[in-house]
Amino acid sequence: MVAQKVILLVASVVLLGCSSFDQSAKLSALPNPSSPVDVSVAFHSANDPLERVNRTFFAVDQGLFDHVLEPAWTGYNAVMPKRARRGIRLFSDNLQYPIRLTGNVLQGEWNNAGIETKRFLINSTVGVLGFSDPAMKRFQLSVPEEDIGQAMGKWGWVNSMYLHVPIVGASTPRDVIGAAGAVYVDPASWIYGAGAGLKFNSKSFDAELTRNLLDTEFDPYFLNKLVYSRIRSGEISNTSMRLAGEDTAQTQTLVGLRHGPADPKFSRRAEVIFAQPEGFRKRLPVSLWRQRQSAPVAFILPGLGGHRHSKQSLALAEQAYLEGYHVVCFSNNFNWELIQASTKGYLPGFTTQDVKLIGQLQEAINQKLATFSTGKPALMGFSMGAWYALNIAVFKEPDFYSTVLAINPPMNLRKATATLDELFLRTARQPASKSMREAALMKLATIQESDWKGRGDLSFTDDEASYLIGLGYRLTLIQTIMSGLNIRPNSESYAKIGQLSWEDYYQGILVPNLSSSAVNEDDLRTASSLSGAKDQLRELENLTLVLTGNDFILSDTDFNWLKASIPQGRLIFTESGGHMGQLARPEVRQSIRDAIRVQVNKLQD
């Protein structure tokens with residue numbers, strides 16, 4: 001049965017590659033970029049002439065992960081304590097000392113070779129065959145990991161085409177040859193099955209991250225290729241991950257982006273229900289965390305392009321759930337999941353239309369939950385989700401929602417996305433900052449490791465943080481355009497769409513799309529600002545606004561306007577935190593829980 005599913009998956013990918021819709025015509029119809037960037041610099045990854053084959057192999061791996069590897073890792077992780085798995089991984093790393101030593105020697109890295117030898121001797125003795133890492137914990141001995149593929153890169157084979165090798169994953173011909181050569185100096189390969197067993201244990205730490213990537217990303221293949229290419233390039237050039245960072249609004253923002261739910265299994269506790277309002281092309285998946293008893297419903301609205309299972313969505317959902325709500329979360333209007341399910345021809349960005357669509361979804365979900373919900377619903381959002389929450393609330397009666405929580409909303413949507421464009425362009429136009437971009441991605445990948453916490457701190461510079469934030473939201477724009485216009489993701493489409501800014505999207509794609517509804521550019525700009533809703537916002541006695549003093553998507557004028565537009569005493573304010581970075585602070589999270597707890601208690605009295 002598993003083999004049959006994998007074969008069907010491969011066949012579907014091949015048929016997709018041979019589909020007859022006119023991809024070139026759709027790309028040609030896109031507007032010219034107003035601020036073109038060198039996509040090869042901004043989204044630089046290994047050359048991919050075998051993309052269709054690689055995507056097919058990626059689909060094969062996805063099928064194997066879904067039906068074989070993930071169930072196996074789930075069972076393994078359940079019976080094998082994490083401490084034991086970590087010890088086995090450290091043993092495996094120590095056992096691969098000959099590979100790293102060979103890589104260092106072939107590159108003439110004599111100092112690193114010496115440190116590697118010291119690490120091996122310390123960990124093999126004091127660390128009991130390498131099951132612990134006293135070389136790092138007690139003696140702070142660490143060096144970049146080296147291998148034979150890196151040595152060949154150092155010798156001059158820098159540019160190698162991309163390959164996705166089934167089971168192995170992202171690679172290149174250079175690294176495949178390097179891995180083949182490493183077999184002869186890898187002690188784990190001398191005992192049949194030992195290498196595979198140790199690799200299985202090491203990969204067990206990545207199972208949850210892989211599941212999240214496959215479930216939440218529009219095109220996980222591209223993201224996997226991009227990150228692998230940049231990190232591998234950094235490894236070959238020995239890019240340093242500088243520990244010294246900077247304390248700016250952008251670096252503070254990254255702290256918040258890393259903040260997730262306190263319960264690492266919270267996402268798995270959700271049940272998935274489906275909503276399909278009239279006119280929707282297909283059912284939309286909705287995450288529901290249900291209380292055991294009757295309770296009010298809280299709707300969580302994610303930020304720009306956010307998936308319902310993004311870290312920040314889950315963190316806010318957990319807070320609401322702990323305060324007694326049934327919690328409902330569906331993906332943001334700019335997310336591929338909602339776009340592909342919504343009405344035919346729908347493109348997000350016109351607030352009036354977006355608010356109507358969210359209202360339809362909330363009504364359909366309320367009908368499903370009517371038998372076990374009580375009281376008035378609550379509405380909670382962050383970033384763009386907070387923007388939508390405010391716009392939705394002012395269109396309702398002032399007491400329609402028991403609670404309205406808006407965390408770091410923009411005051412003007414167009415101005416906010418223009419700021420994101422500036423962050424992206426500032427770093428994308430700097431070819432000399434190649435090492436900075438590689439270091440940023442290497443740090444991000446390291447921090448994502450499930451057991452990184454407690455092993456040290458990797459801080460970001462302002463440029464690194466700006467690059468990662470700008471890159472993330474530019475990828476959001478790309479997936480919005482691809483999913484909205486039904487454009488197949490491949491290297492050609494990324495090269496074309498990757499040059500378009502958010503303003504290009506509004507003026508060159510969204511306005512023409514809305515022309516049949518008699519909506520023009522002036523209508524779009526008016527709807528993108530909260531400036532006309534000041535009186536309605538002041539009537540919302542149940543509104544709580546969460547702001548920081550250095551949120552880069554708000555000007556001083558915007559900040560003062562928002563602060564003056566809410567009832568007195570309903571502001572949770574911190575001087576720093578950037579854009580939602582303050583959510584990593586326990587006292588801020590507690591203040592948010594206090595704000596929503598009052599409303600729940602009133603309903604229970």
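Values below: all heavy atoms of this structure, side chains included; hydrogens, waters and symmetry mates excluded.
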I'd like to know if the side chain of [X] reaches the main chain of [Y], judged simply by a donor and an acceptor atom lying under 3.5 Å from each other, with no hydrogens or angles considered.
{"X": "Q150", "Y": "E235", "result": "yes"}
{"X": "W336", "Y": "T216", "result": "yes"}
{"X": "R174", "Y": "G153", "result": "no"}
{"X": "R232", "Y": "D175", "result": "no"}
{"X": "W155", "Y": "L106", "result": "yes"}
{"X": "S483", "Y": "Q479", "result": "yes"}
{"X": "S383", "Y": "L304", "result": "no"}
{"X": "N332", "Y": "G305", "result": "yes"}
{"X": "R474", "Y": "G498", "result": "yes"}
{"X": "N366", "Y": "Q362", "result": "yes"}

Between [Y] and [X], is there a side-chain donor-acceptor contact under 3.5 Å, judged purely by atom types and distance?
{"X": "D61", "Y": "H164", "answer": "yes"}
{"X": "H307", "Y": "S313", "answer": "no"}
{"X": "Y162", "Y": "N54", "answer": "no"}
{"X": "D48", "Y": "Y221", "answer": "yes"}
{"X": "R85", "Y": "S204", "answer": "yes"}
{"X": "Y346", "Y": "N513", "answer": "no"}

Report yes if the side chains of [X] and [Y] come closer than 4.5 Å at any heavy-atom pair, otherwise no.
{"X": "I487", "Y": "I497", "answer": "yes"}
{"X": "L214", "Y": "T210", "answer": "yes"}
{"X": "Y76", "Y": "N201", "answer": "yes"}
{"X": "V227", "Y": "S229", "answer": "no"}
{"X": "Q96", "Y": "L198", "answer": "no"}
{"X": "L288", "Y": "V272", "answer": "no"}
{"X": "S501", "Y": "P33", "answer": "no"}
{"X": "Y325", "Y": "V297", "answer": "no"}

Can we say [X] and [Y] salt-bridge, meaning some charged N sits less than 4.0 Å from an Asp/Glu carboxylate O?
{"X": "D66", "Y": "R211", "result": "yes"}
{"X": "E337", "Y": "R308", "result": "yes"}
{"X": "E208", "Y": "R268", "result": "yes"}
{"X": "E51", "Y": "R55", "result": "yes"}
{"X": "D147", "Y": "R100", "result": "no"}

Any idea which heavy atoms bring [X] and [Y] closest together, and the distance?
{"X": "Q23", "Y": "R488", "result": "NE2-O, 2.7 Å"}
{"X": "S160", "Y": "T172", "result": "OG-CB, 3.4 Å"}
{"X": "Q353", "Y": "L347", "result": "NE2-O, 3.2 Å"}
{"X": "E464", "Y": "K443", "result": "OE1-NZ, 2.9 Å"}
{"X": "I509", "Y": "P31", "result": "CG1-CD, 3.7 Å"}
{"X": "V176", "Y": "S171", "result": "CG2-OG, 3.5 Å"}

Checklist line | Residue pair F280, L357: steps toward the side-chain contact (heavy atoms from CB on, under 4.5 Å) verdict | finding: CA-CA 10 Å; F280 271 51; L357 184 141; 3.9 Å; yes
Can you tell me if [atom1] on [X] sees more than 12 non-hydrogen neighbours from other groups inside 6.0 Å?
{"X": "K199", "atom1": "NZ", "value": "no"}
{"X": "F57", "atom1": "CZ", "value": "no"}
{"X": "E278", "atom1": "CD", "value": "no"}
{"X": "Q276", "atom1": "CD", "value": "yes"}
{"X": "R281", "atom1": "CZ", "value": "yes"}

Give, for atom [atom1] of [X] and atom [atom2] of [Y], the distance between the pair rounded to the nearest 0.5 Å.
{"X": "M152", "Y": "I236", "atom1": "CE", "atom2": "CD1", "result": "9.0 Å"}
{"X": "K26", "Y": "M482", "atom1": "NZ", "atom2": "CE", "result": "12.0 Å"}
{"X": "L254", "Y": "H259", "atom1": "CG", "atom2": "NE2", "result": "14.5 Å"}
{"X": "L361", "Y": "F299", "atom1": "CG", "atom2": "CZ", "result": "9.0 Å"}
{"X": "N47", "Y": "M161", "atom1": "CG", "atom2": "CE", "result": "8.5 Å"}
{"X": "T253", "Y": "L468", "atom1": "OG1", "atom2": "CG", "result": "11.5 Å"}

Is the distance between the ring centroids of [Y] and [X] under 6.0 Å?
{"X": "Y467", "Y": "F424", "answer": "no"}
{"X": "W502", "Y": "F334", "answer": "yes"}
{"X": "F222", "Y": "Y494", "answer": "yes"}
{"X": "F266", "Y": "W289", "answer": "yes"}

Margin query: Please determine whether side-chain contact (heavy atoms from CB on, under 4.5 Å) holds for the pair V286 and F274, giving the CA-CA distance in whole Å, both sets of side-chain angles, and the decisive distance to 0.1 Å.
Written below: CA-CA 6 Å; V286 177; F274 295 90; over 6 Å; no
Checklist line | Residue pair Y321, Q291: steps toward the side-chain contact (heavy atoms from CB on, under 4.5 Å) verdict | finding: CA-CA 8 Å; Y321 180 77; Q291 300 286 345; 3.3 Å; yes
Next item on the list: Assess R89 against F205: is NZ or CZ under 6.0 Å from the centre of the six-membered ring, and within 45 degrees of the ring's axis?
Entry: yes
Next item on the list: Decide side-chain contact (heavy atoms from CB on, under 4.5 Å) for R269 and D263; before the verdict, give the C-alpha distance in whole Å, the side-chain angles of both, and the deciding distance to 0.1 Å.
Entry: CA-CA 10 Å; R269 305 190 193 285; D263 179 3; 2.7 Å; yes
Note to self: Consider side chain to side chain contact (heavy atoms under 4.5 Å, CB included). Of L30, L27, I478, D219, which one does S493 pass it with?
What the structure shows: L27
